[in-house]
Amino acid sequence: MPPEAGAGIAYHQALNPAQLEAVRFGDGPLLVLAGAGSGKTRTLTYRVARLVEEGVDPRSILLLSFTRKASQEMLQRASLLLDARCRDVAGGTFHSFANATLRRYAAVIGFEQGFTIIDRGDAEDLIGIIRKEMDPPGDGRQLPRKSTLATIFSRAVNKQRPLEDVLYDDYGHFSDMVDTITTIREQYTRRKREHHFLDYDDLLIHLHLLLTEYEAVRQRLAAKYRYIMVDEYQDTNPIQADIVSLLADAHHNVMVVGDDAQSIYAFRGADYQNILDFPKRFQGTRIVKLEENYRSLQPILDFTNRLIESADAQYSKCLFTRRHGGLPPVLVMTAGENAQSRYVVREVARLRREGTSLDRMAILFRAGFHAFDLELELNRAGIPFKKVGGFKFTESAHIKDLLAHLRIVAAPDDQLSWRRVLGLIEKIGPKTADRIFAAVRAHSQGAGGLLSAPLKMKNQAKLQPLKDLIGALTDAPEAVARWGELVFSYYLPILRAKYDDHPRRQRDLEQLLAIMARYRHLDDFLSDMVLEPPSTAIEDGLAAAEPTAECLTLSTIHSAKGLEWDTVFILWALDGRFPSMRSMEDPDDLEEERRLMYVAATRAERELHFTCPVQIFDRATQSLLCDPSRFLDGIPENVLRRENYPDW
DNA sequence: TGCGGATCCCTTTTT
DNA sequence: GGGATCCGCA
């Protein structure tokens with residue numbers, strides 16, 4: 001490859017030598033170990049542009065990344081560098097890629113009539129139905145709750161381990177119920193088939209199956225995607241790593257990018273061993289390390305290097321920066337949770353006065369509920385914010401209600417949605433709903449069957465409004481927004497009767513209608529609501545009023561991955577919260593918590609604050625939590641300053 | 001069969 | 001503080 005083939009793009013000015021090497025790398029396997037803030041996205045972006053510039057068909061490049069937003073942003077930036085051809089690159093998450101591919105080959109795997117993707121909540125509901133039907137164990141003991149069952153099943157898939165082993169290792173107290181639990185899983189699998197449901201894990205399983213069992217399909221896909229790139233490879237699980245290998249097997253043109261020190265998804269089967277083993281999977285892998293950090297000032301890097309030093313990460317990296325100046329991070333002890341919130345509010349206000357935009361600050365935490373108190377204080381202080389992660393918009397009951405009405409039209413076999421829709425009508429519970437569902441299904445006319453199917457029940461009149469709605473939906477031409485409005489006007493009276501806080505929920509629904517207006521096909525909309533749901537709770541803080549105004553970001557650490565801010569606050573740096581009590585038994589879990597703190601701290605460019613509220617009572621262990629996170633132990637004062645919040 | 005009330009539990013992270 | 005479950009009444 002001639003060194004300056006791309007005269008149009010100033011590769012030399014924009015990239016350092018290591019980045020340049022990765023960008024210019026020709027065919028074959030490439031592993032890029034990209035430390036935090038080392039220009040990973042930049043490298044991927046330039047490489048996409050470079051390939052396209054050299055004449056590679058953009059549609060033959062597959063870019064798998066962690067969120068759709070991340071891949072869209074990369075392709076957008078590549079388009080700016082080169083031209084609009086870069087938008088044709090195939091990109092998305094593993095799950096959305098699986099969805100698109102499986103829809104294309106649906107007939108091959110026996111889904112001639114298509115399929116419905118179900119989210120975690122739907123999966124739990126289906127498991128719940130089966131669980132209820134099972135005979136109780138008899139010995140007076142309870143079966144695991146449906147959410148636990150869903151976790152167990154998912155873990156077995158994502159770690160590719162037998163159900164029995166997962167039970168024995170992680171749920172020892174349920175291991176004597178292995179037979180019943182196995183039966184529940186068989187039933188669950190059977191019913192998903194019956195109703196044409198695929199859960200998150202099934203998307204990966206079926207894609208994997210498609211690639212292993214149908215050699216012709218695999219060859220077609222391998223021929224189509226001649227360049228494969230995977231971002232955040234350290235967070236892939238065994239199936240995902242296999243999928244990458246199967247796709248790349250024919251040509252070995254595969255570039256994976258990641259950082260073993262930032263692996264934080266072990267709970268869903270991710271194994272950072274994948275990134276360590278990549279060179280073994282692909283003989284002759286070229287390894288490039290990106291070690292210059294462009295994000296943070298030196299004192300922050302001194303701290304984060306120290307934090308990760310004691311971790312058992314395998315690829316050693318030594319991050320350095322040319323950005324000097326600034327103060328060491330600070331650990332602030334506060335007397336309880338509310339003082340923590342007030343400290344953050346005070347500091348945010350100070351920074352704002354000094355000229356830092358709210359957009360450039362973030363508050364990060366381990367779990368969604370850790371920010372509840374802070375949200376109250378921010379509202380009180382009139383500081384607009386948006387919250388990312390934790391509870392999702394699409395998980396709230398009123399959103400699910402509205403979507404369920406659309407789902408019975410799109411997929412009349414969807415028993416879960418029928419139950420939900422019918423259950424909203426007075427005097428109809430699960431039993432009656434199932435009877436009506438069975439009658440409609442036997443009538444085999446789609447959702448419209450409700451209008452003509454013979455029903456044996458007393459209060460037929462109660463069904464009339466729903467019949468009218470379904471009639472109107474099936475009569476109207478496919479116009480997603482119009483259907484949304486029809487359901488909305490039907491549902492509004494139900495919403496008002498059901499919830500005291502209906503004004504807030506109604507605003508959420510209006511937001512949902514606005515999102516719907518962007519879609520042309522109902523199926524696409526419904527799939528996206530499962531695969532890429534809006535990540536922020538829309539009605540949070542004052543941000544909703546003026547979406548364009550600057551606002552503070554509150555985020556779980558998981559959702560903050562890959563992002564950066566001028567100033568970052570990390571809440572609850574309290575031993576027992578972070579790391580959490582439950583992670584303390586298993587050294588691997590504890591290591592993951594450490595990496596999580598590393599990810600959080602490396603988001604900061606200029607200022608980094610830890611807050612540690614003390615004297616917190618932990619109910620699980622009946623103990624008082626008083627010490628800062630063990631990960632901060634032994635870090636000298638010149639690397640991490642310590643302070644007390646004045647109203648101590 | 002539906003539904004409201006009482007009592008028990010555990011309480012992360014995401015596609 | 002919210003499920004899941006159980007119980008008693010309509």
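Just so it is clear: chains get the letters A, B, ... in the order the sequence lines come, proteins before strands, and each one is counted from 1.
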Nearest-nucleotide pick for [X], side chain only, options being [options]:
| X | options | value |
| --- | --- | --- |
| R131(A) | dT14(B), dA4(C), dT1(B) | dA4(C) |
| T67(A) | dT11(B), dT15(B), dT13(B) | dT15(B) |
| P430(A) | dA4(C), dT14(B), dG2(B) | dG2(B) |
| R366(A) | dT15(B), dT12(B), dA4(C) | dT12(B) |

Taking NZ, NE, NH1 and NH2 as the nitrogens, is one of them in R161(A) or D169(A) under 4.0 Å from a carboxylate oxygen of the other? yes
F115(A)/H195(A) aromatic ring centres below 6.0 Å: no
Hey, would you say the F278(A) and Y233(A) ring centroids sit under 6.0 Å apart? yes
If you assign G429(A) and E395(A) each to the DNA chain B nucleotide with the nearest heavy atom, which residue ends up on the more 5' nucleotide? G429(A)
5'-most contact on DNA chain B: A433(A) or H558(A), nearest heavy atom basis? A433(A)
Quickly work out the [X] [atom1] to [N] [atom2] distance and round it to whole Å.
| X | N | atom1 | atom2 | answer |
| --- | --- | --- | --- | --- |
| R155(A) | dT13(B) | CZ | C1' | 12 Å |
| R145(A) | dG2(C) | CZ | P | 14 Å |
| K146(A) | dA4(C) | NZ | C1' | 8 Å |
| E232(A) | dT13(B) | CD | P | 19 Å |
| E426(A) | dG2(B) | CD | P | 13 Å |
| K498(A) | dC3(B) | NZ | P | 11 Å |
| I117(A) | dT14(B) | CD1 | P | 19 Å |
| H370(A) | dT12(B) | NE2 | C1' | 7 Å |

Could you tell me the separation between the CD1 atom of I494(A) and the CD atom of E426(A), rounded to the nearest 0.5 Å? 10.0 Å
Classify the nucleic acid contact of [X] as base, sugar-phosphate or nothing, counting any heavy atom under 4.0 Å across all strands shown.
| X | value |
| --- | --- |
| T556(A) | sugar-phosphate |
| S559(A) | sugar-phosphate |
| Y265(A) | sugar-phosphate |
| G368(A) | sugar-phosphate |

Using centres under 5.5 Å plus planes under 30 degrees as the test, is F267(A) stacked with dT13(B)? yes
Test item: side-chain donor near acceptor, S147(A) and R120(A), under 3.5 Å: no
On the nucleotide dT12(B), are OP1 or OP2 found under 4.0 Å from the side-chain N or O atoms that R577(A) carries? no
Does T432(A) make a side-chain N or O approach to OP1 or OP2 of dG2(B) shorter than 4.0 Å? yes
Hey, which of Y265(A), F365(A), F66(A) is the one that makes ring pair (Phe, Tyr, Trp, His ring centres under 6.0 Å) with H558(A)? Y265(A)
